[in-house]
Number of protein chains: 4
Amino acid sequence: MSSTAQDSTPRGRPRSDEAREAILMAANELLEGAGFGRLTIEGVAARAGVGKTTIYRWWPSRGALAMEALLSKVAPVIAFPQTDCASDDIAAQMRRLARAYRGKTGTVVREMIASSQGDAAIRQLFFDGYLAPRREAARRALRRGVARGEFRSDLDLDAVIDALYGPLFYRLLLGHAPNDDAFLDSVAAAVLTGIRVQRIG
Amino acid sequence: MSSTAQDSTPRGRPRSDEAREAILMAANELLEGAGFGRLTIEGVAARAGVGKTTIYRWWPSRGALAMEALLSKVAPVIAFPQTDCASDDIAAQMRRLARAYRGKTGTVVREMIASSQGDAAIRQLFFDGYLAPRREAARRALRRGVARGEFRSDLDLDAVIDALYGPLFYRLLLGHAPNDDAFLDSVAAAVLTGIRVQRIG
Amino acid sequence: MSSTAQDSTPRGRPRSDEAREAILMAANELLEGAGFGRLTIEGVAARAGVGKTTIYRWWPSRGALAMEALLSKVAPVIAFPQTDCASDDIAAQMRRLARAYRGKTGTVVREMIASSQGDAAIRQLFFDGYLAPRREAARRALRRGVARGEFRSDLDLDAVIDALYGPLFYRLLLGHAPNDDAFLDSVAAAVLTGIRVQRIG
Amino acid sequence: MSSTAQDSTPRGRPRSDEAREAILMAANELLEGAGFGRLTIEGVAARAGVGKTTIYRWWPSRGALAMEALLSKVAPVIAFPQTDCASDDIAAQMRRLARAYRGKTGTVVREMIASSQGDAAIRQLFFDGYLAPRREAARRALRRGVARGEFRSDLDLDAVIDALYGPLFYRLLLGHAPNDDAFLDSVAAAVLTGIRVQRIG
DNA sequence: AAATAATCGAGACGGTACGTCTGGTCTTACC
DNA sequence: GGTAAGACCAGACGTACCGTCTCGATTATTT
C-alpha cells in the first residue's frame, strides 16, 4: 500500500479556521439581511474582521463565496418517506419541499440559481453541492418504485425528475403562482400516472 | 362643460424617439455581445451617443432597460399550429420554443429571469411583457382542445401550462441536461395524457 | 375677417422686464443666501420661475449674471466729505468704506473680485460698473487737493489711489487682519504725507 | 516608564510617494496650462495615471489640491537682499516679486486668492503655506532696519507690510494697471519714508 | 534557537461604474 | 415672436467596490 504521495505537510502558517468561519457567517448574515445583490467582498471582510486578501485567497469570486456560505448552512435534504407506495412517497416529498421553499430557503435557492446564470463555475458549485444530492435521492425513490413493479423499468429517470420538479422551480422563479399542494399533487399525479406500469385491460 | 378626459398637454420639448431607439438598439447589442452582466448604463450611453441623464430619465434601472430592450426585439410569440389535434399542436410548439431557447434568445431569457430575482419591478416587467402573452397563447390552445372535446373541461389551465413548460425552464436555468425533442415530447405526452377525456372502457 | 395686424393692444410683450427683474432678484437672493459658488443658472431659473433660455439670452455666463445682480443693488458710492482739508476728506472716506466692507458688502465685493479672476469679461464688468466710478470719485478728491495746493501737482493719481486703497483690499481678500481705523489712518497718513507739497525748510 | 511620544505604528500599505508626486505634478501642469477653473479631479487623475480615490483620500477638495500643488513648486521665498540700507533691500525685493507675478506665478496666485474667497480651508492653507513665510521674511527685513536705526522702533510691522504689498496685490487682482517698477518704487518710497527715523531739524 | 514560509489584519493602489448635478443647446405649445 | 417648460448631449462630481499590492505581525515547520 503506497502511502499517499501527497503527504507533504504544508509549510508555513496554516489556514485559520476561525477566519474561514467568520467569513462564512458574515456572508450568510449579509445574504439573509440584504440579499445576494448587496453582498460585497468588502462588506464581508469588514463584518468578519478579516482582510480582503484572506477572502480572495480562498474564494475565486463573490458568487463562489455566497454559494459556499449557503451550502454551509442549507437545510438537509428533504427526505423521502418510504411507505408501500412510491408514488405517494414522491408526492409527499414534493409537498414538503414546496413548504420549505415558501420560506427563507426558497429565497436563497432563487438567488443561487439567479447568480448561477452568469458564471459557469457557480452553476457547477450549485449543482454539485445542492442539486445533485437531492436529485440522487429522488432517483433512488424512483428506482424503488421500479423495483416494486410500480413504475415502468425503461424510464429516463432524469427526465422524470425534471418533469416532477421543473414546474415547482418554474413557479419559484417566476412567482406568478404559488406552489400550493393542489398544484404539486396535480403535477405529481400526471407524471407518475404516465410512468406507471400499465394495467392490462 | 368640457368633458375632455385627456387634457394633459405635455409641456416642454417632447421626448426624442430617435434617442429612445438608439438606446434600445445599443442595449440589445451589448446584451447579445457581452451579456447582461456587462451591460452598463455608461456603455449604453456611449454606444448610443446619448447622455446618461437621458437613460436615467426614462428607465429606473439597468434591469428595466435590459428588459425593455429585450422585449423590443424578441421574436414574436412562437405560434401554435392549428391542426385537428390540440395535443399535437402543443407538443409541436414546445419543440419550436425549445429550439429558439437553444440559441441566443435562451441566454437572454435566462439572464432576465435571473435579474428578476432581486428586483420585483423587473419581474413584473418580464411577466407582463414577455411571459403573460405567451401563456395566454398557450391558454387559447388548451381551450381549443377543450372545445373540441379533446381535453377535460374542468382543468386549471395555469397549472397545466406550468406542468408543460416548467420542465423546459428548469433545464434552461439549471443547464444539467438539454431541452431536446425527446424530453419535451415525453413531458408533453405525460401531461396531455393526464388531461385527456377518458375513454369509457 | 381676422384683422391680422394691429389690434388696439400693441402685440403685448408684458413679460420681458418682469422676467429680468425676477432673475436679478433670484440671483441676489442666492448670492446672499449661499454665495457665488452655489449660484447656478438652473437654480436662478427655478427660483425666478423663468426658462433657462431666457437667462442665456441676456447674460453670457453665470459670472456676468452675478455681477449684474450685484451691481443692481450695490450700495451707492461712499461719498467723500468736502472740508477744508483734502487729506482729512480722503482719510475719512477710507474709514467709511472700510466700515461698509466689514458688513455684507465686503463679502459681495470679495466674491466679485474672486469671480473676476477667471474671466476677463467679468473683470471688465466689475471694473466698469463698480470700481471705475469709485476711483473717479477718489480722483476728484485728489484733484481738489492739488487745486488747493495741498498735494503736489505732478502726481500719478492712479498710483496714489492704488497706494491708498490697495492695503484695504489686500486685507479684505486675505483676511489676515481687520481693516480697522488705526490701520487705515496709518496708510492714509503715510501716502498723503508723501504726496504733500513740501514745506521749504 | 517609556516616554515615547510617537507610538503609532502605521498599519497597512504605506502611502505611495510616487503617486503623491505624480498627482502634484499633474495638478501643476493643469494649473499652468489651463488655469484653476479647468483643473478637475478627473483630469488630474487621468494625467497622473492615478485613481480618483487616491486623490480624494489625501485632499479634501480641488482647491486644497491646487494649493498644495502650487506650494510644492512655488519659487522659494523671494529673498531680501542684505545691503547697508534696509529701505533699498525692501524696494529691491518688491521689484523682484512683481517680476515673478508678471509671469505664470502671478496667474496662479490670483486664482488661489480667488478660490480662497469661498472656502475658509483654502484660505488658511494659502495663508499658512504661502503668505505667512513671505510676510515673516519681510518682517525680518523691517526689524533689521529698526535694529540699524533706519526705521522707527514703534512700528506695527504687519501694517507696514500691508501698506507695502497691498497695492501690489491690488493691481495683481484687479488688473487695471501693471505692477511696474516705477509704481512699486513710489509705494515703497512713500511707506518707507513714513517709517523712517525723523532727522531732527 | 534561527531560518524559512505561508498566513493574517490592514489599508493604499489603479480602475470601473455608479447615480446626480449642472452647463449650454434645442425643440415644443402657449399667449 | 418671445416665453416656460423641459428634453437633449456632455462631462465632472464624489462614492462604492473591484481585485491587486505592500506592509508588519503571527504561527507553523524545518534546519
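From a predicted model like this one, the values you see are computed outputs, not experimental measurements. Per chain, numbering begins at 1; letters A, B, ... match sequence-line order.
Across the protein-nucleic acid pair, A:E42 atom CD and E:dA12 atom P stand 12 Å apart, rounded to whole Å. In this structure, A:R57 atom CZ and F:dC21 atom P are separated by 13 Å, rounded to whole Å. Atom C1' of nucleotide E:dA12 and atom OH of A:Y56 are separated by 15 Å, given to the nearest angstrom. E:dT28 atom C1' lies 14 Å from atom CG of B:D17, rounded to whole Å. Between C:L39 atom CG and E:dT22 atom C1' the separation is 12 Å, expressed in whole Å. In this structure, B:R47 atom CZ and F:dA10 atom P are separated by 16 Å, rounded to whole Å. As rounded to whole Å, 15 Å separates atom P of E:dT22 from atom CG of C:L65. Rounded to an integer number of Å, the gap from CD1 of A:I41 to P of F:dA16 is 18 Å.
Distances shown here put a side-chain N or O of C:T54 below 4.0 Å from the OP1 or OP2 atom of F:dA4. Taking only side-chain nitrogens and oxygens, D:W58 never comes nearer than 4.0 Å to OP1 or OP2 of E:dG11. Residue A:R13 places none of its side-chain N or O atoms closer than 4.0 Å to OP1 or OP2 of E:dA6. Contact annotation: B:R11 side-chain N/O to F:dA5 OP1/OP2 distance is under 4.0 Å.
Evaluation of atom-type donor-acceptor distances gives no pair under 3.5 Å for the side chain of B:T53 against the base of F:dA7. Interface remark: the B:T40 side chain does not form any donor-acceptor pair with the E:dC18 base, using a distance-only criterion of under 3.5 Å. With hydrogens and angles ignored, no donor-acceptor pair closer than 3.5 Å exists between the side chain of D:K52 and the base of E:dG15.
Within the 4.5 Å cutoff, no side-chain heavy atoms of A:W58 are placed close to those of A:R20. Between C:L30 and C:R47, some side-chain heavy-atom pair lies under the 4.5 Å cut-off. Counting heavy atoms from C-beta outward, D:R62 and D:L39 have side chains that approach closer than 4.5 Å. At least one side-chain heavy atom of D:I113 sits under 4.5 Å from a side-chain heavy atom of D:F126.
Nearer the 5' end of DNA chain F, as judged by each residue's closest nucleotide, is the contact made by B:S16, out of B:S16 and D:S61. Comparing B:R62 and D:A48 against DNA chain E, the residue whose closest nucleotide sits nearer the 5' end is D:A48.
The residue B:G49 sits close only to the backbone: its heavy atoms come under 4.0 Å of sugar-phosphate atoms, none of a base.
Checking E:dG9, E:dG14, F:dC23 against every side-chain atom of D:P14, the shortest atom distance belongs to F:dC23.
Using a cut-off of 4.0 Å between Lys/Arg side-chain N and Asp/Glu carboxylate O, D:K73 and D:E68 are scored as not salt-bridged.
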